[in-house]
Amino acid sequence: MSHSAKNLSAPPEGDVARSGLRGPAQSDGPLPHDHTQAILETTKRVAALLKASGQPFALAGSVAAFAHGLPPRFQHDTDFCVIREDAETVINALEEGGISMRRAPEDWLVKGRSGGEEIDLIFELARRPVSRELIDRAVVLPVDSVWMPVLSPTDLMDSRLAALCEHYCDFGDLLPMARMLREQIDWDRMFRDHQDAPLADAFFYLLERLRVIAPRDDPDRMNRMNGMNGMDVMSPARAR
């Protein structure tokens with residue numbers, strides 16, 4: 001996930017800024033040379049440690065999109081949403097599991113590294129604090145055979161739309177997600193929350209013109225959406 005998609009502002013200082021990070025941990029050995037598989041191995045390792053910690057979390061970013069069925073287009077890291085108040089416990093759990101943790105210049109996340117791959121623990125998603133409600137809406141899915149909570153398709157799309165700005169406006173990244181996950185996204189919520197934002201509204205218009213979603217002013221929109229959901233949409237198979 002790009003830094004723009006995660007957050008564009010810093011929250012007030014909290015417990016995270018005061019938590020002690022013990023610095024680099026011992027290496028846990030090399031990961032696969034294939035970047036996609038290396039990211040997946042790191043994701044699985046972090047998820048296992050987070051589950052053992054008992055703290056709520058949810059996978060986010062491009063790996064979460066992959067878990068929902070999109071082809072792997074991973075960025076340079078793997079992202080996990082955690083609640084800010086749980087930060088110290090989560091950081092300690094990862095460090096005790098051998099993962100190197102460090103503060104980031106931005107105080108809305110903490111960064112880690114395992115086997116050469118970057119890890120982001122995110123406390124704000126698109127300028128909004130990660131909440132228990134957000135994590136409770138996550139769905140448990142397998143990620144390369146390991147089950148973990150994953151942000152819901154609606155929340156994934158919501159975070160991407162909230163991050164759109166003049167400096168970050170990649171419809172090419174959003175369109176495959178909208179096509180493949182349209183049946184699982186609450187479009188009424190997306191319209192309600194984002195229609196006043198020019199770039200998000202432009203994206204909705206693009207989806208309507210491409211017949212990915214039915215026009216918002218169509219009185220028979222829900223029936224048309226159901227009909228579209230039955231259409232054969234070209235979508236790449238999930239790669240593992």
Side-chain angles (χ1 to χ4, degrees), residues 1-6 35-37 39-40 43 58-79 81 125-126 128 134 137-144 148-240:
M1 177 186 295
S2 73
H3 290 293
S4 297
K6 293 170 189 171
H35 176 64
T36 294
Q37 192 58 41
I39 286 284
L40 291 175
T43 300
L59 180 66
S62 57
V63 187
F66 168 79
H68 283 292
L70 272 74
R73 294 181 58 188
F74 299 155
Q75 305 292 334
H76 56 280
D77 54 20
T78 183
D79 304 303
C81 289
L125 195 62
R128 292 168 293 185
L134 175 76
R137 291 194 297 268
V139 293
V140 178
L141 296 172
V143 178
D144 200 36
M148 64 188 73
V150 180
L151 283 186
S152 73
T154 297
D155 286 320
L156 276 175
M157 179 60 70
D158 177 67
S159 66
R160 297 292 183 89
L161 292 174
L164 291 175
C165 65
E166 293 182 2
H167 304 290
Y168 177 79
C169 184
D170 187 359
F171 287 178
D173 186 47
L174 282 172
L175 184 56
M177 181 185 295
R179 282 190 181 277
M180 295 191 67
L181 303 182
R182 63 181 178 180
E183 297 179 42
Q184 304 173 57
I185 293 172
D186 182 348
W187 291 108
D188 286 338
R189 175 184 155 192
M190 297 299 94
F191 298 152
R192 182 175 63 251
D193 292 349
H194 299 286
Q195 63 183 353
D196 292 334
L199 294 175
D201 191 55
F203 183 64
F204 295 148
Y205 178 71
L206 175 65
L207 294 182
E208 291 169 355
R209 290 298 305 272
L210 293 175
R211 295 180 56 80
V212 175
I213 60 176
R216 284 163 283 177
D217 58 358
D218 187 340
D220 199 32
R221 187 176 68 83
M222 292 307 300
N223 289 333
R224 290 185 184 276
M225 285 289 290
N226 291 335
M228 288 180 178
N229 290 341
M231 294 169 57
D232 182 18
V233 180
M234 294 180 62
S235 57
R238 181 185 305 190
R240 292 274 183 194

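Atom set for the values below is all heavy atoms of this structure, side chains included, hydrogens, waters and symmetry mates excluded.
In this structure, Ala64 and Val150 approach most closely via the heavy-atom pair CB-CG1, 3.6 Å. Counting all heavy atoms, side chain and backbone alike, Phe171 lies closest to Leu206 at CD1-CD2, 4.0 Å. Considering all non-hydrogen atoms of both residues, Thr154 and Ile185 come closest at OG1-CA, 3.4 Å. In plain terms, the two heavy atoms of Ala126 and Ala163 that are nearest each other are CB-N, 4.3 Å. In this structure, Pro176 and Gly172 approach most closely via the heavy-atom pair CD-O, 3.1 Å.
Atom CG of Asp77 sits about 7.5 Å away from atom OG of Ser62, to the nearest 0.5 Å. Taking OG1 of Thr36 as the start and CG of Asp144 as the end, the distance is 10.5 Å to the nearest 0.5 Å. In this structure, CG on Leu59 lies 6.0 Å from CE on Met148, to the nearest 0.5 angstrom. In this structure, CG in Leu199 is found 5.5 Å from CG in Leu164, a value given to the nearest 0.5 Å. For the atom pair CG of Leu134 and SG of Cys81, the computed distance is 5.5 Å after rounding to the nearest 0.5 Å.
Note on residues 168-178: pairs passing salt bridge (Lys or Arg N to Asp or Glu O under 4.0 Å), not counting sequence neighbours, are Arg160-Asp173.
Arg182 places a side-chain N or O within 3.5 Å of a backbone atom of Val212 that can act as its donor or acceptor partner. In this structure, the side chain of His68 engages the main chain of Leu151 through a donor-acceptor pair within 3.5 Å.
For the pair Met180 and Pro71, the minimum side-chain heavy-atom distance is below 4.5 Å. Contact of the Asp201 side chain with the Arg216 side chain is registered, since non-hydrogen atoms from C-beta on lie closer than 4.5 Å. At a threshold of 4.5 Å between non-hydrogen side-chain atoms, the residues Thr43 and Phe66 do not count as touching. Residues Met157 and Leu181 fail the side-chain proximity criterion, which asks for heavy atoms closer than 4.5 Å. Looking only at side-chain heavy atoms (C-beta outward), His194 and Asp158 come within less than 4.5 Å of each other. Taking 4.5 Å as the limit, some side-chain heavy atom of Leu207 sits within range of a side-chain heavy atom of Leu175. When side chains are defined from C-beta on, Asp193 does not count as touching Leu161, because their heavy atoms never get closer than 4.5 Å.
Surrounding OH of Tyr205 are at most 12 heavy atoms belonging to other residues, nucleotides or ligands under 6.0 Å away.
Ring planes of Phe204 and Trp187: perpendicular class, angle over 60° (limits at 30 and 60°).
Salt-bridge formation is not detected for the pair Arg128/Asp155: no Lys NZ or Arg NE/NH1/NH2 atom is positioned less than 4.0 Å from an Asp or Glu carboxylate oxygen.
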Would Asp79 and Val63 count as a side-chain contact (heavy atoms from CB on, under 4.5 Å) if you check the C-alpha gap in whole Å, the side-chain angles of each, and the deciding distance to 0.1 Å? CA-CA 8 Å; Asp79 304 303; Val63 187; over 6 Å; no

